[in-house]
Amino acid sequence: MARMYYDSDANLDLLNGKTVAIIGYGSQGHAHALNLKDSGVNVIVGLYEGSRSTAKAEAEGLTVKPVADAVKLADWIMILLPDEVQRTIYKEAIAPNLEAGNVLLFAHGFNINFGQIVPPADVDVVMVAPKGPGHLVRRTYQEGQGVPCLFAVYQDATGQARDRAMAYAKGIGGTRAGVLETTFREETETDLFGEQVVLCGGLSELIKAGFETLVNAGYQPELAYFECLHEVKLIVDLVVEGGLAKMRDSISNTAEYGDYTRGPRIITDETRAEMRKVLKEIQTGQFAREFVLESQSGNAGFTAMRRREAEHPIEEVGKDLRAMFSWLKKA
Ligand SMILES: NC(=O)C1=CN([C@@H]2O[C@H](COP(=O)(O)OP(=O)(O)OC[C@H]3O[C@@H](n4cnc5c(N)ncnc54)[C@H](O)[C@@H]3O)[C@@H](O)[C@H]2O)C=CC1
Ligand SMILES: CC(=O)[C@](C)(O)C(=O)O
Ligand SMILES: [Mg+2]
Ligand SMILES: [Mg+2]
């Protein structure tokens, strides 16, 4: 059983007197910056001139600087930019301003693992990767909890890289929940696989396919939304709390029997073969190459896919229904 590390294993004092620059203020960036600030760490935010996030960060009492200036002022630099733009901004604004002994941090190993960023030998290079969306990294921290994280050391120039990674994980609340040591390669490949096959890609298609099947068969779209989307969280909460066993203990015998007998007809041997193919595309760099080239060519396909998905009927139905749910917690 792999060892988990907690608050008592990490030393936040390693951040005493240090300045941490959070580059990017999006899903993860805002959470890391605010959590570190609330943990007593001196934080500055690095954003590009004219960024819409500047006002948001300043409204939270954070100091915002142009990326290059933030890097110059900082001892620890956490890159929380979109993966597809990190390489360019690193070359233009981060690399020229790094100093020996700095700590360069990532929340996903993509750019190091696929050689898009090659750091100098005199800085520590580590990863602290929350296993959850940024908005929940912030919300759980404010509730006195945290999101489990992975941490990894790619380069230990100072002999303190591992301790520094754990100190950062403590600063964002990760060691409250527990952190697990890994490598940049293992985090990259498993994170890409998880988000493509289970958490985002697979789940989105499953929800849409179920919704479409019911609606096309003439059932009310609102009912299909409740059955195939809204209730997913209620079921998954039980799975997260106590595994598949707890969920199966809580649902009816009818549902449990249907689970065992019809589930394998939905996720078939062909599905498993496709999962292995997707993993191979990640391991060979084929996915990374496709994603980087898509970005470099202006995201035409990505933009079109975003637009078509936003136009899916389930989004319209859901928007109207959620507007009536005063009780629904919004991130
Ligand atoms: N979204 C999530 O919950 C998770 C994200 N990660 C990783 O965290 C990193 C950041 O991802 P997100 O927070 O999702 O990104 P995001 O897309 O939510 O935010 C990125 C932020 O960077 C800034 N930005 C965007 N384009 C820029 C540009 N061209 N130049 C300068 N600044 C720019 C903006 O402030 C933007 O809000 C990535 O490496 C991602 O893989 C890791 C775990 C979970
Ligand atoms: C939220 C998270 O962990 C993801 C799905 O890996 C991501 O947003 O990249
Ligand atoms: Mg992830
Ligand atoms: Mg990810």
Side-chain angles (χ1 to χ4, degrees), residues 2 4 22-35 53 78-87 89 105-117 126-143 145-152 154 165 168-169 172-208 229 232-233 236-237 239-240 275 278-279 281-283 285-292 294-295 299 302 305-306 309-310 329-331:
M4 296 292 289
I22 301 294
I23 312 299
Y25 198 73
S27 176
Q28 289 292 330
H30 90 284
H32 291 224
L34 295 171
N35 290 5
S53 304
M78 169 54 103
I79 303 181
L80 293 175
L81 300 164
D83 292 308
E84 66 275 23
V85 305
Q86 289 184 18
R87 173 188 168 87
I89 297 169
L105 302 100
F106 297 85
H108 180 43
F110 187 95
N111 279 281
I112 293 289
N113 188 65
F114 295 113
Q116 302 301 298
I117 290 177
V126 302
M127 175 192 341
V128 177
K131 289 289 98 183
H135 294 85
L136 292 184
V137 171
R138 180 59 181 159
R139 187 195 296 175
T140 53
Y141 180 94
Q142 289 175 300
E143 292 166 352
Q145 306 297 321
V147 166
C149 296
L150 302 180
F151 74 97
Y154 176 77
Y168 186 94
I172 64 168
T175 47
R176 292 174 181 174
V179 297
L180 181 66
E181 188 160 15
T182 182
T183 64
F184 271 68
R185 177 176 176 179
E186 186 178 53
E187 186 278 336
T188 302
E189 294 179 353
T190 54
D191 188 73
L192 291 174
F193 177 81
E195 62 199 24
Q196 293 172 21
V197 168
V198 180
L199 303 172
C200 309
L203 181 60
S204 301
E205 284 306 303
L206 185 63
I207 289 172
K208 290 189 301 176
L229 189 150
V232 169
K233 177 180 179 342
V236 165
D237 280 351
V239 174
V240 169
M275 286 183 175
V278 167
L279 180 57
E281 291 169 6
I282 291 165
Q283 292 169 328
Q286 182 182 333
F287 169 80
R289 181 176 178 280
E290 180 189 324
F291 183 50
V292 168
E294 173 65 16
S295 172
N299 285 320
F302 196 4
M305 288 188 278
R306 255 186 186 148
E309 285 297 314
K329 198 181 237 185
K330 294 176 176 77

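All ligand and atom numbering here is 1-based and tracks the order in the structure.
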Take Leu150 and Val179, measure what side-chain contact (heavy atoms from CB on, under 4.5 Å) needs, and give me the verdict at the end. CA-CA 5 Å; Leu150 302 180; Val179 297; over 6 Å; no
Keeping the roles fixed (side chain from [X], backbone from [Y]), state whether a donor-acceptor pair exists under 3.5 Å.
X	Y	result
Arg176	Tyr141	yes
Glu84	Val292	no
Asp83	Asn111	no
Arg87	Gln116	yes

Heavy-atom neighbours of Tyr154 OH exceed 12 at 6.0 Å: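 Count not over threshold, so no.
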What protein N, O or S atoms come within a distance below 2.8 Å of the Mg ion (ligand 4), ordered by chain and number?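 Only Asp191 OD2, Glu195 OE1 fall inside 2.8 Å of the Mg ion (ligand 4).
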Does ligand 2 have any N/O pairs with the protein under 3.5 Å, and how far apart?
unit_1: ligand 2; atom_1: 6 (O); unit_2: Asp191; atom_2: OD1; d: 3.0
unit_1: ligand 2; atom_1: 6 (O); unit_2: Asp191; atom_2: OD2; d: 3.1
unit_1: ligand 2; atom_1: 6 (O); unit_2: Glu195; atom_2: OE1; d: 2.6
unit_1: ligand 2; atom_1: 9 (O); unit_2: Glu195; atom_2: OE1; d: 3.0

Ring-plane angle category for Phe110 and Phe287, please: parallel below 30°, perpendicular beyond 60°, tilted otherwise.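 Perpendicular.
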Give me the atom names and distance for the closest heavy-atom approach of Val147 to Gly132.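 Shortest heavy-atom separation between Val147 and Gly132 comes out as CG1-N, 3.8 Å.
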Short side-chain donor-acceptor distance under 3.5 Å, Thr190 and Glu186: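 Absent: no donor and acceptor within the cut-off.
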